[in-house]
Every structure is written in structure tokens, then in C-alpha cells.
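Data first, discussion second: the structure below is written as C-alpha cells.
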Number of protein chains: 2
Amino acid sequence: MTETIAIARLPASPRKRNAEATRAAILEAAKAQFALLGYDCAVLRDIAREAGVDVALVKRYFGGKEALFVEALKASFGPDGARDWDRTTFAHEMATMLADSPHVDEARTHRFQFLLRAAISPTTAPLLNVLVHDRFLEPIRQWLGGADADARARVLAASYIGFLVERLIRGDALQGREREVFIERVTAIFAVLVTDIEPQQGRNGPTV
Amino acid sequence: MTETIAIARLPASPRKRNAEATRAAILEAAKAQFALLGYDCAVLRDIAREAGVDVALVKRYFGGKEALFVEALKASFGPDGARDWDRTTFAHEMATMLADSPHVDEARTHRFQFLLRAAISPTTAPLLNVLVHDRFLEPIRQWLGGADADARARVLAASYIGFLVERLIRGDALQGREREVFIERVTAIFAVLVTDIEPQQGRNGPTV
DNA sequence: TCAGCAAGTCAATGGACGTTGACATGAACC
DNA sequence: GGTTCATGTCAACGTCCATTGACTTGCTGA
């Protein structure tokens, strides 16, 4: 009798009891679900199922949905932060990355979807103001440096968000000429923002 | 007895029975709530209360929450569409408008919040792809004209969305020097996009 | 004045979901 | 081997919310 059961167990991994591991599994599943669906649409039962545990453990380990969310949010914005980009190649690299998002650098795209959804939802927005500033705006500001770094960081962040949203809305990848043009223009935009000096006036488009 | 009751009625407006008016009232309340909270967080009871009617009427007039949402979405993107901007002043005007959003041109900000929330929520995104293209991207594309209008329209739309999100996340108004810098840079960005010719290469930031 | 219908009200239903506490089970320690 | 505590399971409960259908009220036309 025991042998047949042992065979039947193969599909479900017989995970050993391990608080740390299950906690981590829940957190990982939560990060994915919250990024994909946002706080309101994500469902604890699904998170638990994805982690291979019971819902009740969410309460045991995190206290509740909101607490889990905050934890997942923090976990998503850990060390990375102020990645040191090369100033001379930044604009082009970022543009290319965005053009190929979300297929390239999936983890990064993922994290920012998370942040974006969190920042926009009226439920979670209040939890976020500090985090957005500390982990997102402030690193950009410091990296930019120069005059009016704060305002420029804001514009840079906003542009970045916009391109990300655009990619989020259209799922398909950019290709061929369209991709090239996208990269060209976006590179030009980031170049405007990285530059310390003010953009020259009178470039308000051709006077038709 | 009747007189005292008549006096007590003052606060609640004794609206006459009027199908068209109540339908309109519901739609108006729905537009506001959906824009403010998004599809998932908006509650039919609140919409009904704001419109001064019973929840059941939502079903009678619109069929259900999703149908009401679609209706509200269409109603929000009616005639406006391809407003004819002056090409020579577009960049600066738009930058200024965004800097002062949402306090100026509140209606416009409102509508785009609506669209944004709708586009991002996984619940409503499927309902939107066509609408976003027809009422948002396509008018921009036509207005832009020139080479690679499609790709440029995409970048323009994305930037616009980004700035809107930034303003949405921070509620407070830009002021003083910060506002000036914001307008300067954003103007430069839009200028890059309105222009038909490709941006000059090599402006990848100072070589430090 | 009365029938008939549209407009509006009310209470109830059913599902989804976060939360909770009682219970079972495995491992570590005496 | 038995005790004990942490880990994991189970079956609810309560709430929120969209939906529904039966009921009431006011208007209109004969």
C-alpha cells in the first residue's frame, strides 16, 4: 500500500517543512501577481496556490494582504537602485532597452510594472510616496547631478514611465523601421534630459 | 401637516421622473468615479448615490457594470479627439499645460486619467485596444504627418502619458524654478517629436 | 376616473475574497 | 518513546458587491 502512494506523489514536490523557504515562495509569488495584476485584482488564494501553500500561511507569515504587499514592494526595490550607467551611452542603451521591453531585461520591466500599478491604484498609492521618492527619484537625481537635477530627474522619470506604459499597453514587440525610429527619438529625448545645460530655444518644430 | 413636510423636503431635490436625465446623471457619475478610482475600485452603489438614484437603475439603463464602463469610456472620448494644435506653439503649450495639470484643463486631465486607468487595469485592458488606437494614437499620427508618423506618434503618446502619470502620482502643483525647468525640458522633448526630420546624432550627453 | 405602462424602490441572493481559529502533523529535544 | 513547539491544513465566518426580480409610484391617454 505504501509503495503505490509513494509513486503517486511524484507530481507534487514533497517539500520539506521549512518556514524560510515557504515564506520566500509566498513572497516571490506575491511579487509576480502584484506586478501582473495590481493590488486590487491580485487574489491571495492564487498567490498561495502559485507558491504551493495554503492561504492561511499568508496570514501567519505576513499578517495580511496589505502587509504582504508592502513587503513584496520593498523586496522588489532592494539593492539595484542606483545602477551606475555610463553617461555617454545611457540614452541609447535605455532607448534600446525600452524598445525591446518587456522581452529583454524582463526582471526590470517586471519591477517597474509593479511600481507603476502600485503608484496608480488609489488603494496603494498612499503607501508609496516615500518609497517612490527614495528608491526611484532620488537615485536618478543623484546620478544626473548638475543644475536643477531635481526637476530634470522628474522629467526623466516621467518619460521613462510613459515609455514603459506604452510597452505595457501594446504587448507586441517593436520591429524593423518602427523600432529604429523609436530608438532614435527616445535616445534624443533622454539626451535632452541627461544634459546639464538647458536645451537651446527655438527648436519648437518647423514653422511649417 | 402637509406644509411642514413640504419645508422638510428642501435639501433633497425632488427630481421629476425623467428617464433621459437620470440616465445622463448615472453616466456622469460613472465617468467621474471610473476616472478617479479605476474600474475595479469604483463601486456601483457609490455611482448611483452620487447620481441620486437607486443601484437597480444602473441595470435598467445600462445592463451592468461593464456595459456602463464601456459607455462611459466612449462618452469620455467623443468629439474632442483631433483638436487642431498650432504646430509652432504646440510643444510649449503642451508642456505648460502638463506642468499645471491637473489644476488647469481639468476636464482633459480627467479624461486621460480615465483612459490610463482603463488601459492599465487587466480587467479593462482588453476592452480598450481598439479605442486607444482610434481615438488617441490615430489622431496624433495624422496630426504629426511626415516620415514615420506612426512611430513618432507612439513616442509622443508615450511621453504624454508619462508626464500625466507623474502629475497623477504627485498631487501638488509645480512652482517657481522647478516649474520653469520642467516646461523647458518637456518643450524640448515635444519639439524633438513634432519635427519631421531625424534628431541629430551625437547629442548623447556631454562626454563628461 | 381608471387602466396600462414606464420610472423608481426595496430586499434578497449568490459569489468572491480576506480573515480567522481550531485542528493535524512533522521534527527536535529530553 | 513521549512531549512540545513550529509548521502546515481545513472549514468555516463576515463582508463587500454586482445582480436580480418582485413591488410601488407617478404619469398619460382613453
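All chains are named by letter (A, B, ...) in the order of the sequence lines, taking the proteins before the strands, and each is independently numbered beginning at 1. Keep in mind that what you see is a predicted model, and the values were worked out from it rather than measured. These numbers come from the heavy atoms of this one structure, side chains and all, not from hydrogens, waters or symmetry mates.
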Closest of C/dT9, D/dT9, D/dT19 to the A/Ala56 side chain is D/dT9
Base, sugar-phosphate, or nothing for B/Val58, non-hydrogen atoms under 4.0 angstrom? nothing
Between C1' of D/dA18 and CD of B/Glu66, the distance in whole Å: 12 Å
If you only use heavy atoms from C-beta on, which nucleotide in D/dA6, D/dT19, C/dG8 is closest to the side chain of A/Arg17? D/dA6
Pairing of A/Glu180 and A/Arg177 as salt bridge, 4.0 angstrom limit: yes
Can the ring centroids of A/Tyr160 and A/Phe190 be said to lie less than 6.0 angstrom from one another? no
For A/Gly64 and B/Asp54, take the nucleotide of DNA chain C holding the closest heavy atom to each; which residue's nucleotide lies nearer the 5' end? B/Asp54
Is the number of heavy atoms from other residues, nucleotides or ligands under 6.0 Å of B/Glu66 CD greater than 12? no
Short side-chain to backbone donor-acceptor contact, A/Arg185 and B/Val155, under 3.5 Å: no
For a salt bridge (Lys or Arg N to Asp or Glu O under 4.0 Å) check, start with the C-alpha distance between B/Glu28 and B/Lys31, then their side-chain angles and the critical distance, and finish with the verdict. CA-CA 5 Å; B/Glu28 208 54 35; B/Lys31 278 158 61 178; 3.6 Å; yes
Measure from CZ on B/Arg49 to P on C/dC10 and round the result to the nearest Å. 14 Å
Measure from the side-chain heavy atoms of A/Lys59 and tell me the nearest of D/dG26, C/dG21, D/dT19. C/dG21
Do any side-chain nitrogens or oxygens of A/Thr22 fall under 4.0 Å of OP1 or OP2 in D/dT7? no
Are B/Tyr39 and B/Phe114 an aromatic pair by the rule of ring centers under 6.0 Å? no
Between OH of B/Tyr61 and P of D/dT19 the distance, given in whole Å, is 17 Å
Using a 4.0 Å cut-off on heavy atoms, which residues in residues 35-47 of chain A reach DNA chain D? List them by number, or say none. A/Arg45
Is there a side-chain contact between B/Leu73 and B/Phe69 in this structure, where contact means two heavy atoms from C-beta onward sitting under 4.5 Å apart? yes
Pair B/Glu20 + B/Arg23, salt bridge at N-O below 4.0 Å: no
Could you tell me the separation between the CZ atom of B/Arg23 and the C1' atom of C/dA6, rounded to a whole number of Å? 16 Å
Between C/dT20 atom P and A/Lys65 atom NZ, what is the distance in whole Å? 15 Å
Which whole-number value in Å describes the distance from B/Leu57 CG to D/dT20 C1'? 13 Å
Whole angstrom is fine here: how far is it from CZ in B/Phe62 over to P in D/dA18? 15 Å
Could you state the CZ-C1' distance from A/Arg60 to D/dT9, rounded to the nearest angstrom? 10 Å
Parallel, tilted or perpendicular: ring planes of B/Trp143 versus B/Phe90, cut at 30 and 60 degrees: tilted
Contact check, residues 116-127 of chain B vs DNA chain D, heavy-atom distance under 4.0 Å, returns none
